[in-house]
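For reference, the structure is listed below as structure tokens.
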Amino acid sequence: ALESGYERVLRRLANTGARIVALKDLPKAPHDMTDCVAENMQHLERCAFDEDGAGPNHFDVRAARAVDGVESIDLSPAICSQGTCYGVIRDALVYRDNDHMTWTFARTLAPWLERALERQSN
């Protein structure tokens, strides 16, 4: 149902003629990140987790591939390094729960996302 709904929305957007870029879902943390960080301020490595490995077969990626003209960007490389994902990066809390990014961290991604968009348009 998620894939079908996502694909329908992407098709409607693609029909507008605008450039459509879908952001792949973030790796899902096995715990609420705000609780983990609050409880482990001196040992933030305890909040790190292995990337979920949803990869190219995740519903959102399949839906984006199914619609002509839709580009997809994976934010995982900005959050995870060598298969490990972090709850805090450069003093910014990454997750506000177990799978949604904080507004603060999203703002830090602007330069990274701009470069990713430029690479895809070339």
Side-chain angles (χ1 to χ4, degrees):
L2 283 172
E3 183 175 344
S4 175
Y6 198 53
E7 189 176 326
R8 277 194 311 274
V9 168
L10 291 174
R11 283 191 194 287
R12 281 198 312 253
L13 292 171
N15 287 335
T16 68
R19 180 180 182 192
I20 307 301
V21 179
L23 300 179
K24 183 182 173 297
D25 273 351
L26 298 177
K28 190 171 185 171
H31 46 261
D32 184 284
M33 194 58 74
T34 55
D35 291 343
C36 185
V37 168
E39 293 166 6
N40 294 285
M41 291 296 291
Q42 302 305 314
H43 302 282
L44 292 174
E45 69 280 359
R46 292 178 184 163
C47 298
F49 62 96
D50 291 337
E51 194 170 352
D52 65 12
N57 291 319
H58 200 253
F59 83 88
D60 54 343
V61 176
R62 289 190 313 263
R65 271 196 313 249
V67 180
D68 287 338
V70 173
E71 304 167 56
S72 186
I73 292 181
D74 184 359
L75 297 175
S76 297
I79 298 166
C80 308
S81 175
Q82 298 177 347
T84 301
C85 304
Y86 300 93
V88 176
I89 298 176
R90 293 184 305 275
D91 294 328
L93 182 64
V94 176
Y95 290 87
R96 63 179 171 89
D97 51 21
N98 69 334
D99 65 348
H100 294 97
M101 189 183 309
T102 65
W103 180 83
T104 301
F105 185 72
R107 287 189 58 198
T108 72
L109 286 182
W112 186 94
L113 189 55
E114 183 177 5
R115 287 189 301 274
L117 288 166
E118 288 172 359
R119 278 192 303 273
Q120 286 200 337
S121 65
N122 293 329

Side-chain contact, heavy-atom cut-off 4.5 Å: [X] with [Y]?
X	Y	value
Tyr86	Leu44	no
Ile89	Thr108	no
Leu23	Ile73	yes
Trp112	Leu75	yes

Kindly give the heavy-atom pair with the smallest separation between Val67 and Ala14, and that separation in Å.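 Looking at all heavy atoms of both residues, the shortest contact is CG1-CB, 3.9 Å.
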
Rounded to the nearest 0.5 Å, how far apart are CG of Leu26 and CE of Met101?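 That separation rounds to 4.5 Å.
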
Between atom NE2 of His31 and atom SG of Cys47, what is the distance when rounded to the nearest 0.5 Å?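 Reported value, rounded in 0.5 Å steps: 5.0 Å.
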
Examine the side chains of His43 and Asn40 and answer whether a donor and an acceptor come within less than 3.5 Å of each other.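 There is no such pair between these side chains.
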
Main-chain N/O of [Y] paired with [X] side-chain donor or acceptor, under 3.5 Å:
X	Y	value
Thr16	Leu13	yes
Gln120	Ser72	yes
Thr102	Leu93	yes

Which residues pass the salt bridge (charged side-chain N to carboxylate O under 4.0 Å, His left out) test with Arg96, sequence neighbours left out?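 Here no residue qualifies.
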
